[in-house]
Trainee: 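What follows is a single structure, and I will ask about it in a moment.
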Amino acid sequence: MARKTLEDLFIYSLSDIYSAEKQLTRALGKLSRASTNPELAQAFETHLQETHEQVARIDQVVEKCGLKLKRIKCVAMEGLVEEGEELVDEIEKGPVLDAGLIGAAQKVEHYEIAAYGTLCAFAKQLGKDDAVPLLKATLDEEKATDQKLTQFAEKVGNPQARQA
């Protein structure tokens, strides 16, 4: 896809994060099942539900703005998901794997925070006033999830991994 205008870049970026969110809906269940900590497993399940809502918000943005998404694959998310799967394959189930899963999930959150922050800025610049609150809501959720993961890592995940 040629990206010659800010509108083109907005559509491409929205298409990319749509692909990322779809990939994440498939990966979060695996992370939940791989975790041995019930709180962490529940956090992944909760984020899976949020991710479904975030996909629905992207659909709303597309509808409200009269856009057509491009069929692309987010290679960044593909790589992040692959890293998480490698952890599951290489580390025995337990606190060390849980700590690794937290780190992998935070990498995903940071990617999503960057993507949604950029999309918010593009939408504002393009005057897509209907899109901004939807994108901002997702950005806020991603930031909150990152904070929850940090708190969990500091209080539970990393101390348990250190003792293992």
Side-chain angles (χ1 to χ4, degrees), residues 9-62 69-123 134-164:
L9 193 56
F10 178 71
I11 293 168
Y12 179 87
S13 299
L14 197 59
S15 300
D16 189 65
I17 197 64
Y18 189 80
S19 168
E21 295 289 16
K22 289 292 206 173
Q23 289 178 57
L24 193 54
T25 61
R26 292 185 294 275
L28 282 167
K30 292 177 186 175
L31 295 181
S32 178
R33 288 187 298 277
S35 175
T36 56
N37 184 296
E39 290 176 72
L40 181 58
Q42 183 55 52
F44 288 136
E45 288 296 324
T46 299
H47 193 54
L48 175 58
Q49 295 309 313
E50 284 180 353
T51 302
H52 286 299
E53 292 169 17
Q54 293 163 356
V55 169
R57 274 195 213 110
I58 294 172
D59 289 334
Q60 290 175 20
V61 168
V62 168
L69 294 182
K70 306 299 175 189
R71 293 183 61 88
I72 60 174
K73 185 167 195 170
C74 178
V75 294
M77 185 60 73
E78 183 178 37
L80 291 169
V81 167
E82 189 176 302
E83 280 187 29
E85 289 172 351
E86 286 175 4
L87 291 173
V88 172
D89 292 342
E90 295 173 6
I91 302 173
E92 185 178 322
K93 271 191 161 204
V96 174
L97 176 58
D98 288 345
L101 294 176
I102 293 166
Q106 285 197 279
K107 286 180 183 181
V108 167
E109 293 310 311
H110 292 193
Y111 176 76
E112 290 177 313
I113 289 166
Y116 283 106
T118 299
L119 282 165
C120 285
F122 288 169
L134 294 166
L135 296 167
K136 177 83 169 67
T138 299
L139 176 61
D140 291 344
E141 284 177 357
E142 302 298 3
K143 288 179 179 179
T145 298
D146 181 53
Q147 285 242 306
K148 289 175 195 169
L149 286 166
T150 295
Q151 291 169 352
F152 186 81
E154 291 173 348
K155 292 184 169 102
V156 179
N158 294 346
Q160 287 179 353
R162 186 187 66 226
Q163 293 173 5

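Sequence positions, counted from 1, serve as the residue numbers for this chain.
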Trainee: Does a side chain donor of either Glu154 or Thr150 reach within less than 3.5 Å of an acceptor in the other side chain?
Mentor: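 Side chains of Glu154 and Thr150: no pair found under 3.5 Å.
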Trainee: Inspect the contact between Arg57 and Glu21 and indicate whether a charged nitrogen and a carboxylate oxygen are less than 4.0 angstrom apart.
Mentor: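 No salt bridge links Glu21 with Arg57.
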Trainee: Run Val108 and Val81 through side chain to side chain contact (heavy atoms under 4.5 Å, CB included) and show every step you take.
Mentor: CA-CA 8 Å; Val108 167; Val81 167; 5.7 Å; no
Trainee: When rounded to the nearest 0.5 angstrom, what distance separates CD in Gln23 from CD in Glu78?
Mentor: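 The CD atom of Glu78 is 6.0 Å from CD of Gln23, to the nearest 0.5 Å.
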Trainee: List the atom of Ala41, the atom of Ser32, and the distance in Å for their closest heavy-atom pair.
Mentor: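 Nearest heavy atoms, Ala41 then Ser32: O-OG, 3.1 Å.
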Trainee: For the atom pair CD1 (Ile102) and CD (Glu109), what is the distance rounded to the nearest 0.5 Å?
Mentor: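 With rounding to 0.5 Å, CD1 (Ile102) is 12.5 Å from CD (Glu109).
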Trainee: What heavy-atom pair brings Lys73 and Ser19 nearest, and what distance separates the two atoms?
Mentor: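 Taking every non-hydrogen atom into account, CA-OG, 3.4 Å.
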Trainee: According to side chain to side chain donor-acceptor pair (under 3.5 Å), who are the partners of Lys22, at least two apart in sequence or on a separate chain?
Mentor: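 Result, side chain to side chain donor-acceptor pair (under 3.5 Å) vs Lys22: none returned.
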Trainee: Can you tell me how far apart CG (Asp98) and CG (Leu31) are? Round to the nearest 0.5 Å.
Mentor: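 Answer rounded to 0.5 Å: 10.5 Å.
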Trainee: Where is the tightest heavy-atom contact between Gly84 and Ala104, given as atom of each residue plus distance?
Mentor: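 Taking every non-hydrogen atom into account, CA-CB, 4.3 Å.
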Trainee: For Gln147, does the CD atom sit with more than 12 other heavy atoms under 6.0 Å from it, leaving out its own atoms?
Mentor: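 No, CD of Gln147 has 12 or fewer neighbouring heavy atoms, counting only those of other groups under 6.0 Å.
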Trainee: I'd like to check the side chain to side chain donor-acceptor pair (under 3.5 Å) partners of Gln49; sequence neighbours left out, ordered by chain and number.
Mentor: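 For Gln49, no residue satisfies side chain to side chain donor-acceptor pair (under 3.5 Å) once neighbours in sequence are set aside.
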Trainee: Say whether Glu142 and Thr138, considering side chains only, have a donor N or O and an acceptor N or O under 3.5 Å apart.
Mentor: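 No - no donor-acceptor pair under 3.5 Å links their side chains.
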Trainee: Taking all non-hydrogen atoms of both residues, which atom of Leu135 and which atom of Ala123 are closest, and how far apart?
Mentor: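 What the structure gives for the nearest pair is CD1-CB, 4.0 Å.
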Trainee: Can Ile11 and Phe122 be said to form a side chain to side chain contact (heavy atoms under 4.5 Å, CB included), step by step?
Mentor: CA-CA 10 Å; Ile11 293 168; Phe122 288 169; over 6 Å; no
Trainee: Has Lys93 got more than 12 heavy atoms of other residues, nucleotides or ligands less than 6.0 Å from its NZ?
Mentor: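 Counting other residues, nucleotides and ligands, NZ of Lys93 exceeds 12 neighbours.
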Trainee: Applying side chain to side chain contact (heavy atoms under 4.5 Å, CB included) to Asp59 and Tyr18, what does each step give before you reach the verdict?
Mentor: CA-CA 9 Å; Asp59 289 334; Tyr18 189 80; 3.3 Å; yes
Trainee: Can you give me the closest heavy-atom contact between Thr25 and Leu48, atom names plus distance?
Mentor: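 Minimum heavy-atom separation between Thr25 and Leu48: O-CD1, 3.4 Å.
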Trainee: Quick check: do His47 and Glu141 have side-chain heavy atoms less than 4.5 Å from each other?
Mentor: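 Result no, sub-4.5 Å side-chain heavy-atom pair not found.
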Trainee: So, for Leu97 and Ala34, which heavy atoms are closest and what is the spacing to 0.1 Å?
Mentor: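 In this case the closest contact between Leu97 and Ala34 is CD2-O, 3.7 Å.
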Trainee: Between CZ of Phe44 and CG of Asn37, what distance do you get to the nearest 0.5 Å?
Mentor: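 The CG atom of Asn37 is 9.5 Å from CZ of Phe44, to the nearest 0.5 Å.
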Trainee: Out of curiosity, Asp16 CG to Leu9 CG, how far, rounded to the nearest 0.5 Å?
Mentor: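 That separation rounds to 10.5 Å.
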Trainee: Enter the distance from Leu80:CG to Leu24:CG here, rounded to the nearest 0.5 Å.
Mentor: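 Reported value, rounded in 0.5 Å steps: 9.5 Å.
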Trainee: Does the side chain of Leu69 come within less than 4.5 Å of Ile58's, by heavy atoms?
Mentor: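 Answer yes - side chains close enough.
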